[in-house]
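Since the structure comes first, as structure tokens, the remarks are kept for the end.
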6 protein chains.
Amino acid sequence: MPRIDGRSPSSLRPLTITIGNMMYAEGSCQIEFGNTKVICTASVEERVPPHLRNSGTGWVTAEYSMLPRSCRQRTQRDSSRNSPNGRSLEIQRLIGRSLRSVVNLDLLGERTITIDCDVIQADGGTRTASISGGFIALAQALSVMKKRKMLKHPVLIDQVAAISVGIVGGTDMLDLCYDEDSTAQVDMNVIMTAKNKIVEVQGTAEGLPFSRERLNSLLDLAQGGIADIVEAQNNALKEALNS
Amino acid sequence: MPRIDGRSPSSLRPLTITIGNMMYAEGSCQIEFGNTKVICTASVEERVPPHLRNSGTGWVTAEYSMLPRSCRQRTQRDSSRNSPNGRSLEIQRLIGRSLRSVVNLDLLGERTITIDCDVIQADGGTRTASISGGFIALAQALSVMKKRKMLKHPVLIDQVAAISVGIVGGTDMLDLCYDEDSTAQVDMNVIMTAKNKIVEVQGTAEGLPFSRERLNSLLDLAQGGIADIVEAQNNALKEALNS
Amino acid sequence: MPRIDGRSPSSLRPLTITIGNMMYAEGSCQIEFGNTKVICTASVEERVPPHLRNSGTGWVTAEYSMLPRSCRQRTQRDSSRNSPNGRSLEIQRLIGRSLRSVVNLDLLGERTITIDCDVIQADGGTRTASISGGFIALAQALSVMKKRKMLKHPVLIDQVAAISVGIVGGTDMLDLCYDEDSTAQVDMNVIMTAKNKIVEVQGTAEGLPFSRERLNSLLDLAQGGIADIVEAQNNALKEALNS
Amino acid sequence: MPRIDGRSPSSLRPLTITIGNMMYAEGSCQIEFGNTKVICTASVEERVPPHLRNSGTGWVTAEYSMLPRSCRQRTQRDSSRNSPNGRSLEIQRLIGRSLRSVVNLDLLGERTITIDCDVIQADGGTRTASISGGFIALAQALSVMKKRKMLKHPVLIDQVAAISVGIVGGTDMLDLCYDEDSTAQVDMNVIMTAKNKIVEVQGTAEGLPFSRERLNSLLDLAQGGIADIVEAQNNALKEALNS
Amino acid sequence: MPRIDGRSPSSLRPLTITIGNMMYAEGSCQIEFGNTKVICTASVEERVPPHLRNSGTGWVTAEYSMLPRSCRQRTQRDSSRNSPNGRSLEIQRLIGRSLRSVVNLDLLGERTITIDCDVIQADGGTRTASISGGFIALAQALSVMKKRKMLKHPVLIDQVAAISVGIVGGTDMLDLCYDEDSTAQVDMNVIMTAKNKIVEVQGTAEGLPFSRERLNSLLDLAQGGIADIVEAQNNALKEALNS
Amino acid sequence: MPRIDGRSPSSLRPLTITIGNMMYAEGSCQIEFGNTKVICTASVEERVPPHLRNSGTGWVTAEYSMLPRSCRQRTQRDSSRNSPNGRSLEIQRLIGRSLRSVVNLDLLGERTITIDCDVIQADGGTRTASISGGFIALAQALSVMKKRKMLKHPVLIDQVAAISVGIVGGTDMLDLCYDEDSTAQVDMNVIMTAKNKIVEVQGTAEGLPFSRERLNSLLDLAQGGIADIVEAQNNALKEALNS
């Protein structure tokens, strides 16, 4: 079955990373998977949440939001809703957890790095794009902190990236766009390190519970996509650190 | 390594189900995994969310909350916080999604069944207990609706249960209690049908990214626990339906 | 006129007290007046509200909430309403005030004891059950604090209990259930000490303003009920303190 | 014991009623008990709360608020607080209940009359002043509705007024000012009809539980004050209706 | 074209200032422009917003609110709305900015003066009345502070007043009442010092963009009105300071 | 006095307009004045606010928000604040009012066009950039509606643009950047039509009240800048409509 945009089932959409696009942020990038576009910034602040005060330990957290017209239909801003936006809260908790998994918080010192992921345009895969782009912003911010002598030791202990996979029309597919995602029978987000270790896996049957075998074939597919993203992250960071 | 309470790594905690404990609800149970105790109720209402009006289709949704002193430290009520409780919202979205996966919403008619999961006492595994208990409340409510001639066809298309697994001190373990959970290197919630199909899997590395092999051994462990819970659900429901 | 459940006008509903039912709380009980069931917990925290800091004085406060399906119709959780729940706020202010009336706050030290009253099932009289049960949780917590050498002197200066009375179908009645309460012409809550002194009295004419004589006959009725509750409180506490 | 302002224990403070002071409201007055000043307005709207739609029945409700600098210390506005103002909610529920007790809601038709009580200056007794003044605004609005042929039958079934009494320094006193109220051992609000029937009684022991005898002597005192207020209400209304 | 109330286009409405009307506030007045009536109070507090702590500098801020029935139609209180009241926030920011323009905040010391402007009755021009009256409350409070030896040097550096002008039915008019304002083609608020310097000017074309010439003729009109208000402010303050 | 970036006092910053940058919106552009970058979208919805239902009349409204790290210091998102963001509400009211001044709402039909202005990067002048860019998004959306036969008659009655002027270090300057704005003695926003008519003027003295003459020289400066922006708007729209 050919895909909507002619890709093979195991191909990523065109991936573009523009690093350092936000002039005030310590780290930033605009990451694009096809029509999905996210601005990620890393902001360093000399404060930690109350439960970490005087612990010597730092914190990495994330916030996620969509521009009202990033979607086909305009959506209400969070600030004008009556009830909290459960989806946004769930996604930003996932982003924060994923990024913290590759950071040594003790070596960060009593500082908070906030990763803001603002979706400019949404065509599926915004949470995985946020994690992959958020890692770049984080790495750039840590590099800036190192230059400013704020860090004595390397804080990153690994590299993390994320991608969606799913079963669409019976076929396993990588990096679902919105039209594929909305008809998927199974939808899975996989977050892995550069060394193929799982950081987080979230798979959901949308109407079709799936077998253990199928889970494995989807993970194979994700692993391939993660490798490509890791390479693109490295290229973007190399360029930024040399400039 | 012996576990805190002497169980083997692959044993559930003592599982108790008291069905029909809430006199007003169409379906209800108190489900207990050891010291974790959750009251689950199913409330049937003749209304649907705005986007389903005049669609002929029903809805199943869930709400999750903890009594302030269900925990070691008293926690603030959601209603007195300034910011929404992201964890609760994420959990109730998961419960709702899991239960909807075994319901034919078209055959439910334009009605909403709300599953309330109120944690009376928390010692780890409250979200999986909520799903396993929520299924019982839902099944009882559907049985009541059938007796009241509100349903023409069976609405349940499968049976669902949930359990946590994790890696604690290097060992794979089933049904983590709070002390195990808080030191786990990997924490995973598995939601499966009676036929061993995956409805949802959420695995998180807490500091230790894990291999594909380890993911598989954890899923083996979960599958065994799910089978035991499914049997307990069936026993409870049989008793209630016969009375 | 016989009552709905066959009781005499001056009888309490069956009263059950299960003390120490919540494993983490310093004090706790489940108190049941017929079908009305409330879980009361007492939580001790080493902090006081801002206006008492550095005063050497402690604080006792209460929170009151109902499970969504404790009622015939499911009610919205406070956390998902747009407007504050005036009834809950009024009730928890009453509970706090009543319990503080029997506590020497100076001898408590700079600590807060929070009494959480969570209504599991509601069939009238939830606020008076909360006060009567709240006193038990409070007394148990103070006893625990004494054993932990946190208190030098007895903090309780009296014992408090509460009951509803009302005029239903022209007859004075004690301990109204929901069906009686919703048709009552006069509804009164009486909070008294073990020595028959009034701590708080709140009487409301629902459509039928009443005479001073009738007020007195209702207070006579309440006084009898209070004596029975005081005895039940003492029995429950004796058992707990001996164990 | 002489009182702060030289009054006898059984005297009201100087009572002033300015009726019709708000040009847009259907009914209004400014009522003053000494330094306590409240503006009460009655607003008639052709709508009822959802639960009364198509019932043919009307509604009377109240809102209560204090100007930020009506008090000795400036208080935050409700709209800029994080948590709801429990005291205000409790008071406005009491005002609404008291006024509804003298209204035949069926004869009002499907309309809402909202009584706004805005405290301009507070020196004790603001809730009872709000009820006594709220009745005047309500009566004037009903009179205006009658002139506009909106009502076929008299809607008021009685007349209501309210006053505070208390035990201060061991003495029973009527109409407590702030300094008396803040040191009172017992504080009671009494709401009565013109015929000496009780609409609502709320008595609270502030540290000193009190006997049934003392309750009766306080009610005697209140009854005398109510008679004076009823006369002042009648004089104000007579003047307004004749003009 | 004669005006609704017979005034000439360049006349103010009858202007009344009652200074010191609020017994607890450090400064206060009720200011009336015809039927528009605003209570302004100045409250002095020994604290500053977080960003000014330890700066030695003080702050002047304002809050603005309308009684629900100050208008023809009853409006909801801010505290019972779902969304913030943008108009009120905008007005109180304007009042605060205007008053700060005539205060030397360094000489005030680390204190906050809060100007509360509560509209009792609204017939157009409430924001300009709030500024003109707010200045009087502020000046009285500063005079009180001086008497209490809280200030070493004069804090006021100028005197400020405000008035509305507009184009109604093609004619330039001063001090618009509500009926004029609601049909105005151009609506402008002008805030000036006693020396005819502009502090703030906000002109809005309601449907009819206007020329630079017309802007100038409107400013001429405003300048005349400001001079009259400045004189009235001075008379009120003189009287208060002499008493 | 040379300006920070070498511009003359009467020069705009480099102005870039990228029209149609958002794939889902009916109208969109990214507008940049130097380092200030705003994404403006126009969303057409077939609904109107309650007060316009069944009036045949449409509505144009605006929302304004800043990305958290669009500024030098990260700012909290509106959705995570306790209090509403007064500045944002004030700005979005200004944008909406300015755009409505050039729209014939009767000819729009019962539809709402929402202009979202999201500031990606802020270096002064974000509200005026939002108006100038908002007009482009609005015009493009109306052009799309015309192509889709949704409009019978031209809806735009004029063209609107906006710019800031101010007095910095004693000199009148056009289009202030953040560093200039934060030290300006006078700050003014001018919104004008293509024909040099004033739609809105808001001038504020920051510490230095200014004369009528100075107001006029600032308006001269603004008029020149508006003419340049109008030309750039026309070029961008011409290109878009031809493609």
Side-chain angles (χ1 to χ4, degrees), chain E residues 51 61-64 78 81-94 96-98 100-105 157-160 185-216 218-220 222-223, chain F residues 61-64 73 78 81-94 96-98 100-105 157-160 185-216 218-220 222-223:
Chain E
H51 70 281
T61 186
E63 296 199 3
Y64 168 96
D78 285 0
R81 281 165 198 270
N82 293 334
S83 58
N85 185 340
R87 178 182 170 274
S88 288
L89 288 169
E90 185 173 330
I91 291 176
Q92 68 195 25
R93 284 161 53 87
L94 173 66
R97 216 158 54 218
S98 299
R100 282 193 299 276
S101 76
V102 294
V103 171
N104 185 328
L105 295 171
I157 54 187
D158 208 332
Q159 179 171 348
V160 70
Q185 293 142 320
V186 172
D187 179 22
M188 184 149 57
N189 292 299
V190 180
I191 299 137
M192 277 184 159
T193 66
K195 290 168 193 153
N196 289 331
K197 295 277 184 170
I198 298 170
V199 167
E200 184 124 2
V201 57
Q202 294 194 339
T204 303
E206 309 280 355
L208 180 72
F210 56 106
S211 65
R212 298 272 303 273
E213 291 69 32
R214 206 64 185 266
L215 173 65
N216 274 319
L218 287 168
L219 288 169
D220 288 341
Q223 199 165 314
Chain F
T61 186
E63 297 197 2
Y64 168 96
Q73 304 300 323
D78 284 0
R81 282 165 197 269
N82 294 335
S83 58
N85 184 339
R87 180 182 169 273
S88 289
L89 287 170
E90 184 173 332
I91 291 175
Q92 66 194 24
R93 284 162 53 88
L94 172 65
R97 217 157 55 219
S98 298
R100 282 195 298 277
S101 76
V102 295
V103 171
N104 184 328
L105 295 171
I157 54 187
D158 208 331
Q159 179 171 349
V160 70
Q185 294 142 320
V186 172
D187 178 23
M188 183 148 58
N189 292 300
V190 181
I191 299 138
M192 276 185 158
T193 67
K195 290 168 193 153
N196 289 332
K197 296 277 184 170
I198 298 169
V199 167
E200 184 124 1
V201 57
Q202 295 193 338
T204 303
E206 309 281 355
L208 180 71
F210 55 105
S211 65
R212 298 273 303 274
E213 292 67 35
R214 207 61 187 267
L215 173 65
N216 274 318
L218 287 168
L219 287 170
D220 288 341
Q223 199 165 315

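Every chain is numbered from 1, with letters handed out A, B, ... down the list of sequences.
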Review point. Restricting to pairs with a member in residues 187-196 of chain E, which pass salt bridge (charged side-chain N to carboxylate O under 4.0 Å, His left out), not counting sequence neighbours?
Key: none
Review point. Quick one: what part of E/Ile157 sits under 4.5 Å from any heavy atom of chain F, side chain, backbone, both or neither?
Key: neither
**Study point:** Engaged part of E/Arg97 at the chain F interface, taking heavy atoms whose separation is under 4.5 Å
**Key:** side chain
Review point. Taking only residues two or more places apart in sequence, or in another chain, which ones meet F/Arg93 in a side chain to side chain donor-acceptor pair (under 3.5 Å)?
Key: E/Glu90
Revision key, fill the gap. Whatever's closer than 4.5 Å to a heavy atom in chain E on F/Arg100 counts as neither
Point to revise | Part of E/Asn104 lying under 4.5 Å from any heavy atom of chain F | key: neither
Practice item. Pick one of side chain, backbone, both or neither for E/Ser211, based on which atoms fall under 4.5 Å of a heavy atom in chain F. Key: both
Review point. Contact part of F/Leu215 toward chain E, heavy-atom cut-off under 4.5 Å: side chain, backbone, both or neither?
Key: side chain
Point to revise | F/Asn216 versus chain E, the contacting section by heavy-atom distance below 4.5 Å | key: both
Review point. For E/Gln223, which residues count as a side chain to side chain donor-acceptor pair (under 3.5 Å) partner, sequence neighbours excluded?
Key: F/Arg212
Check your understanding: For chain F, which residues from residues 198-205 of chain E lie under 4.5 Å away (heavy-atom distances)?
Key -> E/Ile198, E/Val199, E/Glu200, E/Val201, E/Gln202, E/Gly203, E/Thr204, E/Ala205
**Study point:** Approximate separation, where rounding is to 0.5 Å, of F/Asn85 CG and E/Leu89 CG
**Key:** 9.0 Å
